[in-house]
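My questions will all concern the structure given below.
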Amino acid sequence: MQTQLLHHPTDEQLDQLMAIWLDGNLNAHPFIKADYWRKQAPAVRQALPQAQLIIATTAEKIIGFIGLQGHYVAGIFVQTDAQQRGVGTALLSAAKELTHKLQLSVYVANRPAVAFYHHSGFHVHEQSVDKATHQPEYTMRWHR
């Protein structure tokens, strides 16, 4: 597996990213109706090329990605069959090499993700409620 910046993703690459994104959200957030994520997909597909994307690949196939908007981690998504193999850690490490601070939002109910971010050096900065889903979420921060 290797990580690299992805500049100007092709339609085929966007298809791969979106499949990983949708599957990841459906699996990680059973407490949110699946239809919510499907409705978000067109806007996400449009936003992805605007983000700084770091992808993880094996044999030219994308198996995960992290999207950054400045210092904000818009999301880390890893293909289901590649999870628990260090892909998310590698993506986050690559992002940390690009900057001295990161911030993200994570649903409180997504306990595996909260634990992953704690383990990766993030700390809860505040708790609020996501207006779109009405779910409690943490704002977490990391800095060197």
Side-chain angles (χ1 to χ4, degrees), residues 1-10 13-58 61-144:
M1 178 205 50
Q2 63 183 42
T3 60
Q4 65 190 54
L5 283 169
L6 176 62
H7 304 284
H8 313 293
T10 65
Q13 289 169 325
L14 281 172
D15 289 345
Q16 291 178 52
L17 296 174
M18 288 304 300
I20 295 168
W21 175 86
L22 182 58
D23 188 55
N25 276 308
L26 293 174
N27 288 328
H29 307 116
F31 47 87
I32 296 174
K33 291 183 180 178
D35 203 41
Y36 171 78
W37 301 111
R38 291 187 183 99
K39 288 179 181 175
Q40 300 306 309
V44 171
R45 185 181 179 99
Q46 212 169 19
L48 277 175
Q50 313 309 315
Q52 186 173 27
L53 298 170
I54 302 170
I55 59 171
T57 58
T58 57
K61 182 181 178 209
I62 299 171
I63 59 169
F65 71 97
I66 185 170
L68 301 172
Q69 296 169 325
H71 297 292
Y72 185 75
V73 177
I76 299 177
F77 299 93
V78 177
Q79 200 172 291
T80 304
D81 61 0
Q83 291 178 0
Q84 302 296 316
R85 297 187 182 166
V87 177
T89 299
L91 289 166
L92 195 53
S93 293
K96 287 176 174 180
E97 290 177 20
L98 297 175
T99 186
H100 65 281
K101 65 180 179 177
L102 291 170
Q103 180 171 303
L104 56 85
S105 297
V106 60
Y107 293 116
V108 174
N110 187 352
R111 292 182 183 178
V114 172
F116 169 75
Y117 292 125
H118 273 299
H119 181 76
S120 300
F122 282 77
H123 301 283
V124 174
H125 175 68
E126 65 183 15
Q127 184 175 339
S128 59
V129 174
D130 178 11
K131 290 182 176 119
T133 62
H134 308 291
Q135 288 291 318
E137 66 181 355
Y138 292 133
T139 298
M140 298 183 77
R141 291 182 176 169
W142 165 87
H143 62 85
R144 264 188 238 286

>> Using the rule given for side chain to side chain contact (heavy atoms under 4.5 Å, CB included), can you reason through T139 versus F122, listing the C-alpha separation, both sets of side-chain angles and the distance that settles it, and then say yes or no?
In response: CA-CA 10 Å; T139 298; F122 282 77; over 6 Å; no
> With a 4.5 Å limit on heavy-atom distance, are the side chains of Q40 and W21 in contact?
Replying inline: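 They are in side-chain contact.
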>> Please enumerate all residues that pass side-chain contact (heavy atoms from CB on, under 4.5 Å) together with A28, with sequence neighbours excluded.
In response: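 Partners of A28 by the side-chain contact (heavy atoms from CB on, under 4.5 Å) criterion, ordered by chain and then number, come out as N110.
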> With no hydrogens and no angle check, is any side-chain donor or acceptor of R141 less than 3.5 Å from a backbone partner on L104?
Replying inline: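 Looks like no, no N/O pair under 3.5 Å.
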> Residues in side-chain contact (heavy atoms from CB on, under 4.5 Å) with A82, at least two apart?
Replying inline: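 Once residues adjacent in sequence are excluded, the partners of A82 under the side-chain contact (heavy atoms from CB on, under 4.5 Å) criterion are I63, V78, Q79, V87.
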> Is the number of heavy atoms from other residues, nucleotides or ligands within 6.0 Å of NE2 (H118) greater than 12?
Replying inline: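 Atom NE2 in H118 is crowded, with more than 12 foreign heavy atoms closer than 6.0 Å.
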> Do you know which two heavy atoms are closest between A113 and V106, and how far apart they sit?
Replying inline: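 Minimum heavy-atom separation between A113 and V106: CB-CG2, 3.7 Å.
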> R45: what forms a side-chain contact (heavy atoms from CB on, under 4.5 Å) with it, not counting sequence neighbours?
Replying inline: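 Per chain and number, R45 pairs via side-chain contact (heavy atoms from CB on, under 4.5 Å) with D11, L14, D15, M18.
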> Yes or no on side chain to side chain contact (heavy atoms under 4.5 Å, CB included) for N27 and T80, after CA distance, side-chain angles and deciding distance?
Replying inline: CA-CA 9 Å; N27 288 328; T80 304; 3.3 Å; yes
>> I'd like to know if the side chain of D23 reaches the main chain of A19, judged simply by a donor and an acceptor atom lying under 3.5 Å from each other, with no hydrogens or angles considered.
In response: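 Checking the backbone N and O of A19 against the side chain of D23, no donor-acceptor pair under 3.5 Å is found.
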>> Could you work out, with side-chain contact (heavy atoms from CB on, under 4.5 Å) as the rule, every residue matching H71, not counting sequence neighbours?
In response: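 Per chain and number, H71 pairs via side-chain contact (heavy atoms from CB on, under 4.5 Å) with T99, H100, K101.
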>> Let me confirm one number: the NZ-CD distance from K61 to Q16, rounded to the nearest 0.5 Å.
In response: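 The CD atom of Q16 is 7.5 Å from NZ of K61, to the nearest 0.5 Å.
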> Atom CZ in F65, atom CG in L17: separation rounded to 0.5 Å?
Replying inline: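 CG of L17 is found 5.0 Å from CZ of F65.
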>> Pair L5, L53 - check side chain to side chain contact (heavy atoms under 4.5 Å, CB included), show working.
In response: CA-CA 6 Å; L5 283 169; L53 298 170; over 6 Å; no
Under 3.5 Å, sequence neighbours excluded: what are the donor-acceptor pairs made by side chains of residues 31-39?
| residue | atom | partner | partner atom | Å |
| --- | --- | --- | --- | --- |
| D35 | OD2 | K39 | NZ | 3.3 |

>> I'd like to check the salt bridge (charged side-chain N to carboxylate O under 4.0 Å, His left out) partners of D130; sequence neighbours left out, ordered by chain and number.
In response: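 So D130 forms no salt bridge (charged side-chain N to carboxylate O under 4.0 Å, His left out) with any residue.
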>> Is it true that S128 and Y138 share a donor-acceptor pair across their side chains at a distance under 3.5 Å?
In response: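 Result is no, nothing qualifies.
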> Would one find more than 12 heavy atoms of other residues, nucleotides or ligands at under 6.0 Å from atom CZ of R144?
Replying inline: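 Yes, CZ of R144 has more than 12 neighbouring heavy atoms, counting only those of other groups under 6.0 Å.
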> Does Q46 CD have over 12 foreign heavy atoms under 6.0 Å away?
Replying inline: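 Atom CD in Q46 is not packed in, count stays at 12 or less.
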> Q4 versus I55: any side-chain heavy-atom pair under 4.5 Å?
Replying inline: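 With C-beta onward as the side chain, the pair touches.
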>> Donor-acceptor check, side chain of K96 to backbone of L102, threshold 3.5 angstrom: yes or no?
In response: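 No.
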> What do the steps show when you test T3 against I66 for side chain to side chain contact (heavy atoms under 4.5 Å, CB included), and what is the final call?
Replying inline: CA-CA 10 Å; T3 60; I66 185 170; over 6 Å; no
>> To the nearest 0.5 Å, what is the distance between CD on Q127 and OG on S105?
In response: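 It comes to 11.5 Å.
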>> Between L22 and V44, is there a side-chain heavy-atom distance shorter than 4.5 Å?
In response: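 The answer is no, as the side chains (C-beta and beyond) never meet within the 4.5 Å cut-off.
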> Does the side chain of F116 come within less than 4.5 Å of T89's, by heavy atoms?
Replying inline: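 Sidechains of F116 and T89: in contact.
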> Looking only at heavy atoms, which two atoms of V114 and V108 are closest? And how far apart?
Replying inline: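 Closest approach of V114 to V108, heavy atoms only: CG2-O, 4.2 Å.
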> Would you find a donor on one side and an acceptor on the other, under 3.5 Å apart, between the side chain of H119 and the backbone of A115?
Replying inline: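 Pair absent, no side-chain N/O of H119 close to backbone of A115.
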> If you measure only the distance, is there a donor-acceptor pair under 3.5 Å linking the side chains of E137 and Q135?
Replying inline: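 There is no such pair between these side chains.
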